[in-house]
Amino acid sequence: MAKVYQDLRSFLSTLEENGQLVRIKEEVNPEPDIAAAGRAAANIENGPAVLFEKVKGYPYSVVTNVHGSWANHALMLGMDKTATTKEQFHEINRRWERFPVKPEILKREEAPCKENTIDKAEDINLFEILPLYRINDQDGGFFLSKASIITADPNEPDNFDKLNVGTYRIQVKGKNRVGIQALAFHDIAIQLEAAERKNEKVPICITVGNSPLVTYMASTPVMYTQNEYEFVGALQDGVPAQIVKSDLYENLYVPAGSEVVLEGYIEPRVREVEGPFGEFPGSYSGARRQCVITITHVTHRTNPIFENLYLGIPWTEIDYLMALNTSVPLYQQIKRDFPEVQAVNAMYTHGMGCIISTKVRFGGFGKEVAFRLLSTPHGGSYSKIIIIVDEFVDPFNLPQVMWALTTRVRPDKDVVVIPNCPGMPLDPSSYPAGMHSKLIIDATTPKDPEPNPREVELLEPPVGYEKYEALIRKLMSEM
Amino acid sequence: MKCPRCDGNKIEVIATSPVGNVWEVYECMDCFYSWRSTETPHIHDKFKLKKEQIDNLQVIPPIPPLDK
Ligand SMILES: Cc1cc2nc3c(=O)[nH]c(=O)nc-3n(C[C@H](O)[C@H](O)[C@H](O)COP(=O)(O)O)c2cc1C
Ligand SMILES: [Zn+2]
């Protein structure tokens, strides 16, 4: 049974035991030290999480880069820290099949996130609970970049399948006021629209500092009717996620082990300046008018730990967080209709770049698979550079993908551009923001009825190479 | 005090450091830019905002019509 974490703290202990967490004990300045360490950790191969014990002017600690390396990612799954990306991809897919795993609902007194309560809005001061800081120099303020946010469908408030747990950036705008970026194609926007049509507030819980798989599932593009907590249980290999009822709302549930839970509501039909914020494409998204949340109730653990994430020019922590959690659901959704598909690598900028390997059933099949990606809810707007390779090409091995491109592609027939499609508005090359063209490169071998006049035979490795591989490794390790 | 981004003068202190008296955080009530007293904000020209710009920024997500 894989190791399972019900809170951030137990995961931090495992990271530390495995040499994947470092502590900075000296006092640091909020700016620019915390963000600088996030960048630094990303620059280091298999970079660790970085825990700042003392931040000037604040009582509590901050941790960053918790998901920021393949070693940390493997430990999150309870795997050996040397597990390869591809091994982790296949392991997540295996566990995915366990969905749905009903969460375990704890009593209030059993839930660590309820250790301390602030129940008067006028007593709430986010700066006393969270060591807030600026992430990138031109950000418009201090942001929570990694919170998991819980909302329900206003038309079916008790439908647990439609309870949404998502990651949306939060800008702190006052002691108990924050802004949120709810992009139109994400689940929270469906709920917001339903409430705003009736001019109703949207009940919301913002949870900070969660078990690593809660954060992971919050930023995974699953279907609207799929509950993220039931996926956390699946990815915990069948061990249910522990959750607890929110204090304000009967139908909202928060992770029982959260460090901090902020409860309140989105003000309907209100938009205020939010941003800029350094975003995942490695550039700033400018100021826009976005939604505002009033926080009226807070619970937190004693000595809460503020978990936050740095974003810079890829790769940084966010790229590890949304690498396989974008690849796996896209693979699962495409495979349902096309069992020929072997693997999906959607690790580039949240799936804007995507490589799919597939068996080819008939001529043109590669393009058909690409169209299927472009008709998934996530791929439809995000994916724009799509490469289809044969089943014998490993999409996680980029040199091999380049081999397929250089030897399989005839640009005049295998490269197509489809104009005027949905696009990812934060992609700076999307214009108008939200529109884009799609590039499909079909690098698969032609199959009947498409002619293949120069059919080739692939090179096979010489007999006995595995034996030599083992021997050479052994000799090298003895050198 | 003036807002470093929009030149507005409605600046509020939204926080003082919970430990010691080592910083304050200010916020502009026109454009919601916020900064700490220990920072020296230098807003790039492309991120400066004028009153007309604030009113015309893109709205995300759009506000739907009210149900009848
Ligand atoms: C660190 C991080 C920050 C994100 N910030 C936002 C955001 O501000 N707004 C947004 O709409 N999506 C954001 N996303 C993307 C969504 O969380 C992600 O696409 C998720 O699958 C959305 O799920 P949903 O469609 O269930 O809402 C972020 C993702 C990550 C990993
Ligand atoms: Zn201003």
Side-chain angles (χ1 to χ4, degrees), chain A residues 29-32 54-60 125-129 131-134 137-142 171-175 177 179 181-186 188-189 192-199 268-276 284-292 425 433-434, chain B:
Chain A
N29 289 315
E31 296 84 18
K54 291 198 198 85
V55 184
K56 197 181 189 107
Y58 287 119
Y60 303 127
N125 179 354
L126 296 179
F127 291 84
E128 285 174 2
I129 308 161
L132 301 163
Y133 63 96
R134 193 180 309 277
D137 178 69
Q138 295 292 306
D139 287 355
F142 306 156
Q171 180 179 353
V172 175
K173 293 184 158 182
K175 288 185 165 60
R177 260 169 71 80
Q181 171 172 269
L183 296 174
F185 40 75
H186 285 154
I188 192 171
L192 176 69
E193 175 172 347
E196 289 197 314
R197 284 184 175 278
K198 297 187 275 192
N199 201 20
R269 313 185 73 79
V270 174
R271 301 290 187 273
E272 253 176 20
V273 184
E274 193 266 9
Y284 289 97
S285 71
R288 312 264 193 273
R289 286 170 51 201
Q290 308 218 42
C291 293
V292 185
Chain B
M1 198 181 334
K2 262 185 163 181
C3 170
R5 173 159 76 176
C6 76
D7 282 342
N9 52 18
K10 280 183 257 156
I11 307 297
E12 287 185 9
V13 177
I14 60 165
T16 51
S17 64
V19 176
N21 195 4
V22 288
W23 46 253
E24 293 180 318
V25 176
Y26 312 115
E27 184 171 42
C28 167
M29 292 299 137
D30 287 317
C31 79
F32 302 99
Y33 181 81
S34 62
W35 72 102
R36 200 185 311 271
S37 54
T38 48
E39 297 182 285
T40 31
H42 175 74
I43 312 282
H44 296 175
D45 284 346
K46 72 181 310 186
F47 296 129
K48 290 250 163 85
L49 285 176
K50 295 200 189 74
K51 174 87 180 75
E52 315 80 79
Q53 284 173 299
I54 294 175
D55 295 338
N56 293 312
L57 287 174
Q58 189 188 357
V59 171
I60 295 182
I63 302 174
L66 283 169
D67 279 350
K68 300 244 159 58

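Each chain gets a letter, A, B and so on, in the order its sequence line appears, and its residues count up from 1. The structure displayed is predicted, hence computed values, not measured ones.
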J.: Among A:G140, A:A184, A:P268, who wins on heavy-atom pairs under 4.5 Å with chain B?
T.: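 Looking at each option in turn, the highest pair count goes to A:G140.
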J.: Quick one: are B:I14 and A:F127 in side-chain contact, heavy atoms under 4.5 Å?
T.: yes
J.: When you compare the side chain of A:R197 with that of B:P65, does any pair of heavy atoms fall below 4.5 Å?
T.: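 With C-beta onward as the side chain, the pair touches.
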J.: Just give me the residue among B:C28, B:P18, B:C31 that pairs up with chain A most often, heavy atom to heavy atom, under 4.5 Å.
T.: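 Going by pairs under 4.5 Å, I would pick B:P18.
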J.: When you look at A:N29 and B:T38, which way does the side-chain contact (heavy atoms from CB on, under 4.5 Å) test go after all the steps?
T.: CA-CA 9 Å; A:N29 289 315; B:T38 48; over 6 Å; no
J.: Under a 4.5 Å cutoff for heavy-atom pairs, which residue among A:R134, A:R177, A:E274 has the most contacts with chain B?
T.: A:R134
J.: Between A:A182, A:A189, A:G141, which shows the greatest number of heavy-atom pairs under 4.5 Å with chain B?
T.: A:A182
J.: To the nearest 0.5 Å, tell me how far A:Q290 CD sits from B:I60 CD1.
T.: 4.5 Å
J.: Give a yes or no answer on whether the side chain of A:Q138 reaches the backbone of B:H44 with a donor-acceptor pair at less than 3.5 Å.
T.: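 Indeed, once roles are kept as given, a pair shorter than 3.5 Å links the two residues.
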J.: What part of A:Q171 gets closer than 4.5 Å to chain B, counting heavy atoms only: side chain, backbone, both or neither?
T.: side chain
J.: Check whether any side-chain heavy atom of A:E272 sits under 4.5 Å from a side-chain heavy atom of B:F32, and report yes or no.
T.: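 Yes, close enough: below the 4.5 Å cut-off.
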J.: One pair to check against side-chain contact (heavy atoms from CB on, under 4.5 Å): A:Y284 and B:K46. What are the steps and the verdict?
T.: CA-CA 11 Å; A:Y284 289 97; B:K46 72 181 310 186; over 6 Å; no
J.: What part of A:L132 gets within 4.5 angstrom of chain B, counting heavy atoms only: side chain, backbone, both, or neither?
T.: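 For A:L132, the contact with chain B is made by the backbone alone.
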J.: Between A:R289 and B:P61 (side chain of the first, backbone of the second, donor and acceptor by atom type, cut-off under 3.5 Å), is there such a pair?
T.: no
J.: Considering only heavy atoms and a distance below 4.5 Å, find which of B:N21, B:D67, B:V22 pairs most often with chain A.
T.: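 Top count of heavy-atom pairs under 4.5 Å with chain A: B:D67.
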J.: Between B:V25 and A:F142, is the side-chain contact (heavy atoms from CB on, under 4.5 Å) condition met? List the steps.
T.: CA-CA 10 Å; B:V25 176; A:F142 306 156; 3.9 Å; yes
J.: Look at A:G286, A:A433, A:P276 and state which one has the largest set of heavy-atom pairs under 4.5 Å with chain B.
T.: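 If we count pairs closer than 4.5 Å to chain B, A:P276 comes out on top.
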J.: Start with the C-alpha distance between B:W23 and A:Y58, add both sets of side-chain angles, then the distance that settles ring-ring contact (aromatic ring centres under 6.0 Å, His included), and finish with yes or no.
T.: CA-CA 10 Å; B:W23 46 253; A:Y58 287 119; 4.9 Å; yes
J.: Nearest 0.5 Å, please: how far is CD in B:E39 from OH in A:Y133?
T.: 13.0 Å
J.: Would you please test A:R269 and B:L66 for side-chain contact (heavy atoms from CB on, under 4.5 Å) and show each step?
T.: CA-CA 10 Å; A:R269 313 185 73 79; B:L66 283 169; 3.6 Å; yes
J.: Below 4.5 Å from any heavy atom of chain B, which atoms of A:E31 appear? Answer side chain, backbone, both or neither.
T.: side chain
J.: With only heavy atoms counted, which part of B:F47 is less than 4.5 Å from chain A, the side chain, the backbone, both or neither?
T.: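 For B:F47, the side chain is the part near chain A, not the backbone.
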J.: Calculate, to the nearest 0.5 Å, the distance between atoms NZ and OG belonging to A:K56 and B:S17 respectively.
T.: 9.5 Å
J.: Considering only heavy atoms, which portion of B:R36 lies under 4.5 Å from any heavy atom of chain A: side chain, backbone, both, or neither?
T.: both
J.: Using a 4.5 angstrom heavy-atom cutoff, name the option from A:E193, A:Q181, A:K198 with the most pairs to chain B.
T.: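 It is A:E193.
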J.: Can you tell if the side chain of B:I63 reaches within under 4.5 Å of the side chain of A:R271, non-hydrogen atoms only?
T.: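 Touching, per the 4.5 Å side-chain cut-off.
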J.: Can you give me the closest heavy-atom contact between A:A287 and B:R5, atom names plus distance?
T.: CB-NH1, 4.3 Å
